[in-house]
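The first residue in the sequence is number 1, and the count goes up from there. First listed ligand is number 1; within each ligand, the first listed atom is number 1.
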Amino acid sequence: MKGKFITFEGIDGAGKSSHVDWLAEQLRARGLTVQVTREPGGTALGEKLRELLLNQTMHLETETLLMFAARREHLAQVVEPALNRGEWVVCDRFSDATYAYQGGGRGLERSKLQMLEHWVHEHLQPNLTLLFDLPLEVARERIAVASRTLDRFEQERADFHERVRHAYLERAHAQPERIRVIDANNTLDNIREQLEEIIVTICL
Ligand code: TYD
């Protein structure tokens, strides 16, 4: 039996990463074998590409191609083998991020994104995507208090992040079965409750 593929998405500062490991533990407690991974990254090559993508200025199409190159490697080395072994994969970001950031945020044509998505993972979509949504000001406040060096995406202006958020919500609206919106402007406990309700439905 094939495992399930769960992805986490949201604008920078939405707080999704702190819930990735927690969700994996919840699934393990139900007896499932779970791999936790992330994009861009998840493989030795992918992590090198991540370093470049987060820090090096480049053309928008180069950025998009590198995101999908890292993804191809990640799928081949990690995600597909795990799913074929019947394991579950919990991944911090996937192709919805490319649609939201490179498409919504930077304005790359949708047709090019569709072409790459078709090439790289025509037959694979996440079984479930958890979209952490919250107002931009709250997300930016969270990034500001983190007081660390900001990457290329985090340094973008507010209107960029507003477009990213809008693109994510549009995708969630178009694919409500797969993409579930989490109200991330909430306490940790409240967010865990929201996640628990959703896990129950996918574990059935
Ligand atoms: P993120 O997942 O937020 O990691 P951290 O929590 O360590 O900051 O950072 C990855 C960044 O990469 C994020 O700003 C979104 C961006 N990104 C894209 O622009 N396109 C993509 O396809 C992916 C996967 C990520």
Considering heavy atoms of the protein only, find what lies nearest to [atom] and give residue, atom and distance to 0.1 Å.
| atom | result |
| --- | --- |
| atom 19 (O) of ligand 1 | Q102 NE2, 2.9 Å |
| atom 22 (O) of ligand 1 | T98 OG1, 2.6 Å |
| atom 21 (C) of ligand 1 | M67 SD, 3.3 Å |

Proximity of P40 to ligand 1 by residue part, where a heavy atom lies under 4.0 Å:
both

Within the 4.0 Å heavy-atom cut-off, what K16 brings close to ligand 1 is side chain

Contact check: [X] vs ligand 1, nitrogen or oxygen atoms, below 3.5 angstrom:
| X | result |
| --- | --- |
| D151 | no |
| E63 | no |
| D92 | no |

Do [X] and [Y] have side-chain atoms, one donor and one acceptor, less than 3.5 Å apart?
| X | Y | value |
| --- | --- | --- |
| N190 | Q194 | yes |
| R71 | T98 | yes |
| E162 | H166 | no |
| Q175 | R178 | yes |

Of all the heavy atoms in R71, does at least one lie under 4.0 Å from an atom in ligand 1?
yes

Counting each atom of ligand 1 from 1 as listed, which ones have a heavy atom of S17 under 4.0 Å away?
6 (O)

Under 4.0 Å from a heavy atom of E39: give me the atoms of ligand 1 that qualify, with their elements.
24 (C)

Answer yes when R180 and E9 have at least one side-chain N-carboxylate O distance shorter than 4.0 Å, and no when they do not.
no

Note: R152 and N55 closest approach over all heavy atoms is CD-C, 3.8 Å

Nearest heavy-atom approach of R171 to D96 is NE-OD1, 2.8 Å

Counting heavy atoms only, which of [options] comes nearest to [atom]?
| atom | options | answer |
| --- | --- | --- |
| atom 13 (C) of ligand 1 | D12, L113, T64 | D12 |
| atom 23 (C) of ligand 1 | A97, A146, G105 | A97 |
| atom 5 (P) of ligand 1 | R93, R50, E154 | R50 |

Determine whether H19 and F132 satisfy the following criterion, ring-ring contact (aromatic ring centres under 6.0 Å, His included), listing intermediate values before the conclusion.
CA-CA 10 Å; H19 295 280; F132 282 63; 5.4 Å; yes

With side-chain contact (heavy atoms from CB on, under 4.5 Å) as the criterion, how do F5 and Q125 come out once you've worked through the C-alpha distance, each side chain's angles and the decisive distance to 0.1 Å?
CA-CA 8 Å; F5 184 28; Q125 286 295 335; over 6 Å; no

